[in-house]
Amino acid sequence: MKITIASDHGGVDLKAALVEFLAASGVQVEDAGPAGKDSCDYPDYAIKVAMAVAKGVSDFGVLICRSGIGMAMTANRFQSVRAAVCATVDGAVTTRQHNGANVLCLGADLISVDYAKEVLKAFIATPMDMSDRHARRREKLERSERLSDVSLLAGTDPEVFATIEAHTNQEETEINLIASENLASRACREAAGSVLMNKYAEGYPGRRWYSGCDPVDAAERLAIARAKELFGAEHVNVQPHGGSAANMAVYFAVLNPGDTIMSMALDQGGHLSHGSPVNFSGKIYNIVPYSVDPKTEMLDYDALERQALEVRPKLLVAGASAYPRVIDFRRIREICDRAGCMMMVDMAHIAGLVAGGAHPSPVPYADFVTSTTHKTLCGPRGGIVLCREKYAKALDAAVFPGMQGGPLENIIAAKAVCFREWLDGTKAGYAEQVVKNCRVMCKTVQDRGYRIVSGGTDNHLFLIDIKASKGISGKVASAALDAAGIVTNKNAIPYDTESPFQTSGVRAGTASVTTRGMREAEMIKIGTWIADVLDDVTNTSVQERVKREARELALRFPAP
Ligand SMILES: *Cc1c(COP(=O)(O)O)cnc(C)c1O
């Protein structure tokens with residue numbers, strides 16, 4: 001056991017006695033000061049101890065001032081620190097059992113040295129009470145940061161605070177099945193909201209246009225090194241602000257205006273930035289869309305090869321926003337080689353499945369792999385590009401100065417945090433569970449008579465053909481689900497006859513609910529609710545019942 005202890009000038013004598021007492025009891029004790037009785041400021045010492053506990057380098061902290069109160073106030077501002085002022089042995093035992101206190105604060109003026117030893121002994125010897133009610137309360141205590149983090153805003157800018165409060169409430173009470181969304185970890189959000197946002201850092205680590213970039217250089221190098229390791233990439237650029245920007249960077253790196261790109265059509269599952277006429281990609285380049293097979297609604301690689309040989313594009317783009325099946329990247333490489341074109345894979349949706357080994361990786365095959373970091377990858381909102389070394393220079397120049405100015409170093413740091421969570425085992429089993437959950441939910445809906453595009457799913461999303469199943473549009477269906485507390489989105493399906501505003505499909509995904517810890521049993525419940533609501537979208541009493549039950553379920557699986 002390791003304990004870090006500190007005091008202010010008023011607690012130096014008691015501290016010395018307790019250091020001796022702990023050392024004699026065989027505890028590893030770190031005295032964080034002060035050494036003498038010169039007047040000093042208690043927060044300076046409370047911060048040292050709180051950081052030791054927050055970092056996990058100490059099991060417990062001890063803080064002493066005249067009352068113990070200022071120390072506790074400071075220490076309790078730190079995440080995962082629970083500091084308690086104790087004047088009695090009973091108090092120490094209770095706060096350990098109930099609150100799981102990990103920092104003991106003592107008032108040197110209020111307690112004798114001998115009794116302080118008894119209190120400290122009881123504090124470190126008492127285990128936490130693991131019963132449901134106390135565990136639940138401790139968890140609520142920890143999770144109060146979702147609002148306490150923005151509580152300054154509540155006073156200074158109530159209007160903006162209200163929006164964050166409303167979204168917090170929404171995350172906690174709704175079942176979110178939007179396939180492109182996820183819930184980033186608390187650690188990711190900390191990095192994203194950090195002071196790194198204040199730094200201008202045009203350029204790349206070691207080659208910046210501004211001074212003072214050492215800390216952000218280190219953050220960006222971490223993000224790059226971790227992304228390389230995670231995906232086995234030769235070169236990585238972590239600066240793109242989003243997935244569309246990542247795609248733009250690749251196009252700018254290797255194409256000229258008017259060059260031909262072959263990509264999956266938007267209504268077939270592709271993305272706006274793959275060449276939609278309303279997007280820059282469709283305006284600048286000559287786009288030749290490819291489609292899925294009308295019968296199987298899956299990619300027909302032989303047909304794709306025939307088309308590529310005829311079109312001879314400069315770049316073939318694989319990857320999609322609404323394709324529920326595994327993509328055979330090895331086969332696409334073969335096609336690109338035969339057609340003599342470069343291969344880009346946009347793995348925005350499946351990056352987390354690739355990172356977690358639940359979908360084959362495109363990295364060994366593609367010249368460029370682009371991605372968002374906020375979908376199944378579960379990081380901050382942003383983009384990355386992975387490429388072969390031979391394209392490194394062209395790619396980096398395309399991002400900066402080609403299309404972006406200063407990178408968002410706070411977001412880059414959050415990307416680094418996200419990559420680490422995949423590398424260090426924090427997300428072990430997640431990707432596989434996302435896929436398992438999706439299969440189960442999809443099958444539950446399918447078994448209730450709904451037509452599923454391509455007959456099922458291999459990844460994190462599935463598409464219900466609601467037009468064929470019930471004769472209503474995706475817009476009407478997703479609105480009914482919304483009213484029942486289940487958030488999906490209307491989505492075009494292959495060869496859709498409805499407009500993009502109506503659509504024939506509803507898209508649902510399991511990334512977000514899996515992050516909350518839901519498993520197969522919950523998927524069956526949610527799938528059943530989806531079918532209950534869609535069976536009759538005009539039945540508001542079903543919607544109200546489902547909304548109540550969905551809310552209860554959501555609250556049992558708190559968002560991080
Ligand atoms: C979501 C998505 C993107 C775009 O990401 P943004 O960060 O919104 O720009 C790009 N490509 C695909 C395939 C996507 O699904």
Side-chain angles (χ1 to χ4, degrees), residues 176-182 184 188 192 227 237-252 261-276 278-282 285 287 289-292 299 315-327 329 332 343-355 359 361-362 366 368-386 398-399 403-404 407-408 411-412 414-415 418 434 438 457 459-463 488-494 500 505 507-512:
N176 182 4
L177 302 180
I178 294 185
S180 49
E181 290 189 6
N182 210 329
C188 257
N237 189 306
V238 294
Q239 293 191 359
H241 299 330
S244 298
N247 291 342
M248 184 187 267
V250 173
Y251 304 155
F252 283 8
I261 300 176
M262 256 182 76
S263 56
M264 190 184 258
L266 187 61
D267 69 334
Q268 303 276 312
H271 188 260
L272 277 173
S273 60
H274 295 180
S276 160
V278 300
N279 184 262
F280 79 92
S281 51
Y285 304 104
I287 304 295
Y290 60 83
S291 302
V292 295
L299 282 167
L315 180 72
L316 192 148
V317 175
S321 303
Y323 185 68
R325 297 299 186 167
V326 163
I327 300 178
F329 299 124
I332 290 179
M343 169 176 172
M344 177 184 121
V345 173
D346 178 347
M347 64 170 181
H349 260 264
I350 57 169
L353 307 185
V354 170
H359 190 293
S361 171
F368 294 93
V369 176
T370 61
S371 185
T372 56
T373 46
H374 49 271
K375 297 181 183 175
T376 52
L377 198 57
C378 208
R381 192 156 293 280
I384 49 168
V385 184
L386 323 173
V399 175
M403 49 173 280
Q404 286 185 180
L408 310 171
I411 299 300
I412 289 172
K415 289 173 188 171
C418 160
V434 167
C438 195
T457 173
N459 60 20
H460 62 296
L461 66 84
F462 63 97
L463 286 160
T488 58
N489 62 279
K490 65 181 179 196
N491 213 102
I493 62 169
R507 186 181 70 163
T510 51
S512 181

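Read the numbers this way: they start at 1 and go in the same order the structure lists the ligands and their atoms. This one's a predicted model, so the numbers in the text were calculated from it and none came from an experiment. Residue numbers count from 1 along this sequence.
Counting the atoms of ligand 1 from 1 in the order shown, those under 4.0 Å from a heavy atom of His349 are 15 (O). Near Lys375, meaning under 4.0 Å from one of its heavy atoms, ligand 1 places the atoms 1 (C), 2 (C), 3 (C), 14 (C), 15 (O). Atoms of ligand 1 found under 4.0 Å from any heavy atom of Ser321, numbered from 1 in the order shown, are 12 (C), 13 (C), 14 (C), 15 (O). Atoms of ligand 1 lying under 4.0 Å from any heavy atom of Ala320, numbered from 1 in the order shown and given with element: 13 (C). Against a heavy-atom cut-off of under 4.0 Å, Asp346 is close to the following atoms of ligand 1: 10 (C), 11 (N), 12 (C), 13 (C). Against a heavy-atom cut-off of under 4.0 Å, Ser244 is close to the following atoms of ligand 1: 4 (C), 5 (O), 6 (P), 9 (O). Less than 4.0 angstrom separates some heavy atom of Thr372 from each of these atoms of ligand 1: 5 (O), 7 (O). Annotation for ligand 1: atoms under 4.0 Å from non-hydrogen atoms of His374 are 7 (O).
Looking only at heavy atoms of the protein, atom 3 (C) of ligand 1 is closest to His271 NE2, 3.2 Å. For atom 7 (O) of ligand 1, the closest non-hydrogen atom on the protein side is Gly243 N, 2.8 Å.
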Would you please test Met343 and Phe368 for side-chain contact (heavy atoms from CB on, under 4.5 Å) and show each step? CA-CA 7 Å; Met343 169 176 172; Phe368 294 93; over 6 Å; no
Side chain to side chain donor-acceptor pair (under 3.5 Å) between Asn247 and Thr370, worked out: CA-CA 6 Å; Asn247 291 342; Thr370 61; 2.7 Å; yes
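Ring planes of Phe280 and Phe252: perpendicular class, angle over 60° (limits at 30 and 60°).
No side-chain heavy atom of Ser512 sits under 4.5 Å from any side-chain heavy atom of Ile178.
For the atom pair His271 NE2 and Leu266 CG, the distance stands at 8.0 Å (nearest 0.5 Å).
Closest of all the heavy-atom pairs between Ala351 and Ser371 is CB-OG, 3.2 Å. When every heavy atom of Cys438 is checked against every heavy atom of Thr510, the shortest pair comes out as CB-OG1, 3.4 Å.
Aromatic ring centroids of His274 and Tyr285 lie 6.0 Å or more apart.
Contact analysis leaves Arg381 out of contact with ligand 1, as no non-hydrogen atom separation drops below 4.0 angstrom.
Between Ala348 and ligand 1, no N or O atom pair is found at a separation short of 3.5 Å.
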